[in-house]
Number of protein chains: 2
Amino acid sequence: MRTFAQIVAHYLRKQLCSHVLLTPTNLSRNKASISDLARQLGVSVSTVSRALSDKASISDATKKKVWKLAKELHYQPNHLAAGLRKGRSNLLGVMVPHIDGHFFTMVVKGIETVASKAGFNVMICQSNEDVAHERKNIETLLSAQVEGILVSLARTTRDFKHFEKVRKQEIPLVFFDRVLDGLDVSAVVIDDREGGYQATKHLIQQGYRRIAHFGGPQYLNIYKHRRQGYIDALLEAGLPVEEELVFYCDMTQEDGVRGMQQMLALRQRPDAVFSSSDFSVVGALQELKRHHLRVPTDIALVGFSNETFTSLTEPMLTSVDQRCEQMGQSAVRLFLEMRDETSSAFSPRRVVLQPDLLIRESSQRPGRRQ
Amino acid sequence: MRTFAQIVAHYLRKQLCSHVLLTPTNLSRNKASISDLARQLGVSVSTVSRALSDKASISDATKKKVWKLAKELHYQPNHLAAGLRKGRSNLLGVMVPHIDGHFFTMVVKGIETVASKAGFNVMICQSNEDVAHERKNIETLLSAQVEGILVSLARTTRDFKHFEKVRKQEIPLVFFDRVLDGLDVSAVVIDDREGGYQATKHLIQQGYRRIAHFGGPQYLNIYKHRRQGYIDALLEAGLPVEEELVFYCDMTQEDGVRGMQQMLALRQRPDAVFSSSDFSVVGALQELKRHHLRVPTDIALVGFSNETFTSLTEPMLTSVDQRCEQMGQSAVRLFLEMRDETSSAFSPRRVVLQPDLLIRESSQRPGRRQ
DNA sequence: GAAATCTATGCGTACGTTTGCGCAAATAGT
DNA sequence: ACTATTTGCGCAAACGTACGCATAGATTTC
């Protein structure tokens, strides 16, 4: 415990200093701070602060003066400081498995667009499909004091422990696309089942009867649901679900080639394929051309994701659009809602986007255009 | 000026308060701060701070205690506060014209990857190809106290005023891909001329003699340079540069269709096309197929950018790879170098990446494979 | 046995903002 | 002319962290 004399001495010293230096014009490298403005104008920092944020309690004359000098000195408000004081960083964290391909790119675009419109800056990170990275990134985002986290899970993520901290700190958490089922969290997803259903139903309507399916890893919900839609459509139409017509793979282009080879080797070939990914459709298409089979005359094709190239192939590929950009937008909106809510009643919402079947050449049976 | 009595009174009050409240365990919502740890452990904040950053001056016993409690309370360091104190935000700002398409996506991926490896968080924004947005974004990034800014210019950007502030604050500024010529700034670009040159030279080597060019807006350096490379290659081979073989457009797929129509209408058709964009190559390809002309037998095609779909078309398209990801990586590395430099000697560096011609089917004259 | 050197810790302050409270001066109400 | 009320501004306390400086005790040095 300091003695009374020490306290006094200290205070006198401080007064003295500030009197001697008087105008310690910021040496701290070419950055004007709010107190620099205050000093040069002979007003207090509070006045400057309030003037800059255009509060009513400051006279117009003073405001003008402050604004003028601020412009002259190229004053730049310090978000870190403001954030620290206000407890609001204006930062939104986003984590995706990776930033390539069409899907996540467009989601990020959607996120950035509406986030910045709402005055938020977005911080991006990639989990590289790896839980360890995911954990570390969450830590980083939390440290950065983001006001919300938007995340699409890595493939390998099974458990949820690393998100506990986020909830405990009552930071809005929104998942998109890749979600863990049965978890009580906010999320925006597309109705994958419906997508698979529509795609398959469309093929049936076009008169195709022996429809194959290329599916992805079934532990991923998106693929499971797309397959379910496929099955539902078949059953609804009274068509049999034959296991030999279903090919599971990792949905690459090469997988598509292999899948089609397998299909063509069957005694009874399919007359159409619904694939859970556009990439494997392209593979399939290439294999078909190699066999001089025509699409959609001999075999029809429908993909999923509406990748850029689907309208560039020949024939152009029918595909299910995932509304990527809208997904990003919805995710941000969900975050904003959660934030505005009385943080006590914290009911996770879930937004389900409807997929959009884009019918192109690869699935329209000639002479039967709908 | 406060009276001496006031000062003393204030100080006594303060002492009193802190004594009465003694343990004001943080009410501030479920976030443990460094001082919470300190209080619970009965040590000073400085000790905790030092323990957390594993300084040598703290005993192992104390460190252990601190770490243990930190874990228990889910302590989360506050980057804002640390940044404010240290004058280092660990934030890197990135501005791109937009985040769709292949190119910028991959650049961003590259940036994020090496930035996060260097301990930086990246803040993304889009200028939407608009100077006004660009200006506003720069302000935002500066306010966020980013330690560096990586930017690819909007198309319409002609002047440089809004970047002055950045330089004045001595914040490392690195341009990539879209740069203003003759400006003394750090930048990483690819050698577009070389790309155009190699592409054209390759066509010549394959035996094509009447080579057309689809070019983009010439006020954009990238397109100007690619065209220059095209011309250089022709001249080098002693071939004439004919204006009727050059088609200027915005490089969309539809432009490609139109361009090819124009070429096919010529009395003397070209036998190859080098396009500054893959998209217009696809358009050209479609138009050719419509006319039942074969690629590359009748007309060869070479594009630029190595878009995803170039290896999915039929025939697969030869294209110039821009090393997008590497460009992002280089940009970050350049930033890191600039930062480490004695900020006095501040010599702008420029990195020129070599493009990579990827020879695929669309340009290999049959029976003449190299 | 006193002086020098470590070792481990505490104190105070600064980083740049925002904001509740207080207080004068100017204006309004009676 | 004498209280109320407004208007305009200042004071100082936060926000959470980092770090220079001081210091008490333990250990070594001569």
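Numbers restart at 1 for each chain; the letters A, B, ... are given by sequence-line order, proteins then strands. Quantities reported herein were computed from a predicted structural model and do not represent experimental measurements.
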Looking at residues at least two apart in the chain, or sitting in another chain, which of them share a ring pair (Phe, Tyr, Trp, His ring centres under 6.0 Å) with [X]?
X: A:H162; result: none
X: B:F163; result: B:F160, B:F175
X: B:H98; result: B:F104

Output all residues satisfying salt bridge (charged side-chain N to carboxylate O under 4.0 Å, His left out) with [X], sequence neighbours left out; order by chain, then residue number.
X: A:K117; answer: none
X: A:K71; answer: none
X: A:D60; answer: none
X: A:K136; answer: none

With nearest nucleotides of DNA chain C determined for B:R85 and B:S44 from heavy-atom distances, which residue corresponds to the more 5′ nucleotide? B:S44
Whole-Å gap separating [atom2] ([N]) and [atom1] ([X]):
X: A:I34; N: D:dC15; atom1: CD1; atom2: P; value: 19 Å
X: A:K31; N: C:dT17; atom1: NZ; atom2: P; value: 10 Å
X: B:K64; N: C:dA8; atom1: NZ; atom2: P; value: 13 Å
X: B:R88; N: C:dA14; atom1: CZ; atom2: P; value: 23 Å
X: B:L84; N: C:dT17; atom1: CG; atom2: C1'; value: 8 Å
X: B:K86; N: C:dA14; atom1: NZ; atom2: C1'; value: 15 Å
X: B:Q76; N: D:dG16; atom1: CD; atom2: P; value: 13 Å
X: A:N90; N: C:dG16; atom1: CG; atom2: P; value: 20 Å

Can you sort out which residues in residues 51-62 of chain B have a heavy atom within less than 4.0 Å of DNA chain C? Ascending by number, please. B:S57, B:I58, B:S59, B:T62
Does any residue of residues 140-149 of chain B have a heavy atom under 4.0 Å from DNA chain C, and if so, which ones, in number order? none
Taking all heavy atoms of B:L334 and all of B:S186, pick out the closest pair and write down the distance. CD2-CB, 4.1 Å
Filtered N/O pairs between nucleotides 20-24 of chain C and protein, under 3.5 Å:
unit_1 : atom_1 : unit_2 : atom_2 : d
C:dG20 : O6     : A:R50  : NH1    : 3.3
C:dG20 : O6     : A:R50  : NH2    : 3.2

Out of C:dG16, D:dT17, C:dT9, which nucleotide sits closest to the side chain of A:N78? C:dG16
Sorted by chain and residue number, the side chain to side chain donor-acceptor pair (under 3.5 Å) partners of B:E72 (sequence neighbours excluded) come out as B:K68
State which residues pass side chain to side chain donor-acceptor pair (under 3.5 Å) with B:D184; sequence neighbours excluded, sorted by chain then number. none
How would you label the contact of B:V45 with the nucleic acid (heavy atoms, under 4.0 Å): base, sugar-phosphate, or nothing? nothing
For B:E134 and B:T157, does a side-chain donor sit closer than 3.5 Å to a side-chain acceptor? yes
